[in-house]
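Excluded from the calculations below are hydrogen atoms, water molecules and symmetry mates; all remaining heavy atoms, backbone and side chain alike, are included. Every chain is numbered from 1 and lettered A, B, ... according to where its sequence line falls, protein lines coming before strand lines.
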2 protein chains.
Amino acid sequence: MEDDFYCLHSQLCKALANDKRQMILAALRDGERSVLDLVDVTGIRQANLSQHLSLMRTRGVVVARREGTRVYYSISNQKLIQAFDLITEVMEESLEGRVRVAGSIGDASALSQSGVNEEASDESRS
Amino acid sequence: MEDDFYCLHSQLCKALANDKRQMILAALRDGERSVLDLVDVTGIRQANLSQHLSLMRTRGVVVARREGTRVYYSISNQKLIQAFDLITEVMEESLEGRVRVAGSIGDASALSQSGVNEEASDESRS
DNA sequence: TCCCAATATCAGCATTCGTGAATACTTGCC
DNA sequence: GGCAAGTATTCACGAATGCTGATATTGGGA
């Protein structure tokens, strides 16, 4: 299908694919916050925070509203929070699954010697 | 909150944050496919495809099943498809929004000269 | 055993990303 | 205007990522 679609789609995903930006989004989850707030909550330095916010702003993930000398940021679309939560669920289920697999190896034998399913033990967070 | 959480979360997001991987996931949407299939459908070279699949495998995004000389890949968790679709919706709504904003500028004046809301016209796909 | 098809991995290179430091803008106030 | 607080931008550089070509591994026949 169209090539631009996947590019735009991944651009949006990239805007979420960073631990600090995840922290920021989590901090914005319950409503808007000023940059100063975010510095406090996340512990990220102002300049760096501003860079991440700028990135997410140009990607349409967050929106900004100025009030006096402060700028308040908020998440642009609640569906992003739904997506965030879905990813969280996948993550948790995936972790459970790996523990289970590591405990009872048996029917994975068809793949176990083929280099196809070696990630269960040591690569789980690399 | 916990720091590892956001790291893991972003790891999973990173596994989705790439246009070729998005193509691959879209191709796997309706069921499993062999690597050869995927080469045909996506046009990605075999070596590169294999690397992307390997990455997604170690991140728990896809699972592999060997049958003879072929390996069939499939998406590990249907929630990833839901997340994919949510992102798509956000993307589309965001694009609509920008077109609208670009058409009728007026109440954005509070931010327009502050460098806070400059992305509407030319950065929409950078 | 030798060969072939299918998949995986490696080495090297180019590009992108993340960060801190320094600096520039904006706004409100004196 | 000058100043201070709050926020944004630029630069430089190390680290991570993506791609290609070459090579290795695996499984199934002849």
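In this model, the phosphate group of C:dA6 is not approached by any side-chain N or O of B:Arg66 to a distance below 4.0 Å at OP1 or OP2. Look at A:Thr69 and you won't find any side-chain N or O under 4.0 angstrom from OP1 or OP2 of D:dT7. OP1 or OP2 of C:dT19 lies within a sub-4.0 Å distance of a side-chain N or O belonging to A:His52. Put simply, A:Ser50 has a side-chain N or O that comes within less than 4.0 Å of OP1 or OP2 on D:dA8. Contact annotation: A:Asn18 reaches the phosphate of C:dG18 (side-chain N/O to OP1 or OP2, under 4.0 Å). Using a 4.0 Å cut-off, no side-chain N or O of A:Arg70 falls inside it from OP1 or OP2 of C:dT27. Remark: B:Lys20 is in phosphate contact with D:dC19, judged by side-chain N or O atoms under 4.0 Å from OP1 or OP2. Residue B:Tyr73 places at least one side-chain N or O under 4.0 Å from the OP1 or OP2 atom of C:dA8.
As rounded to whole Å, 14 Å separates atom C1' of C:dG20 from atom CG of A:Leu49. Per the geometry, CD1 belonging to B:Ile44 stands 15 Å off C1' belonging to C:dT7, to the nearest Å. Between the CZ atom of A:Arg21 and the C1' atom of C:dG18 there is a distance of 9 Å, given to the nearest Å. The CG atom of B:Leu53 sits 11 Å away from the P atom of C:dT9 (whole-angstrom rounding). Rounded to whole angstrom, the span from the CG atom of B:Leu55 across to the P atom of D:dA16 amounts to 14 Å. Here C:dA8 presents its C1' atom at 8 Å from CZ of B:Arg57, a figure rounded to the nearest Å. Here the C1' atom of nucleotide D:dA5 and the CD atom of A:Glu67 are 15 Å apart, to the nearest Å. For the pair B:Met23 CE and D:dC19 P, the interatomic distance rounds to 11 Å; values are reported in whole Å.
Inter-residue side-chain proximity for A:Leu38 and A:Leu53 is flagged as met; some heavy-atom pair is nearer than 4.5 Å. Taking 4.5 Å as the limit, some side-chain heavy atom of B:Ile87 sits within range of a side-chain heavy atom of A:Cys13. Between A:Arg21 and A:Val61 there is no side-chain heavy-atom pair separated by less than 4.5 Å.
For B:Gln51 and C:dA8, a side-chain-to-base donor-acceptor distance below 3.5 Å is absent, hydrogens and geometry of angles not being considered. At a cut-off of 3.5 angstrom, counting only N and O atoms as typed in the model, there is a donor on one side and an acceptor on the other between the side-chain of B:Gln46 and the base of C:dA8.
With side-chain heavy atoms closer than 4.5 Å counting as contact, directly or through intermediates, the hydrophobic cluster containing B:Leu86 also holds A:Leu86.
Qualifying salt bridge (Lys or Arg N to Asp or Glu O under 4.0 Å) partners for A:Asp40, counting only residues two or more places apart in sequence or in other chains: none. Partners of A:Glu32 under the side-chain hydrogen bond (donor to acceptor under 3.5 Å, both in side chains) rule, at least two apart in sequence or in another chain, are A:Arg65. Applying the side-chain hydrogen bond (donor to acceptor under 3.5 Å, both in side chains) rule to B:Asp37 yields no partners; only residues at least two apart in sequence or on another chain are considered.
Of the residues in residues 24-40 of chain A, A:Ser34, A:Val35, A:Leu36 come within less than 4.0 Å of DNA chain D through at least one heavy atom, sorted by number.
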Could you go through residues 23-31 of chain A and list every donor-acceptor pair under 3.5 Å that involves a side-chain atom there, pairing it with any protein atom two or more places apart or in another chain?
unit_1, atom_1, unit_2, atom_2, d
A:Arg29, NH1, A:Asp85, OD1, 3.0
A:Arg29, NH2, A:Asp85, OD1, 3.2
A:Arg29, NH2, A:Asp85, OD2, 2.8

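Where A:Lys14 and A:Asn48 each meet DNA chain C at their nearest nucleotide, the meeting point lying more 5' is that of A:Lys14.
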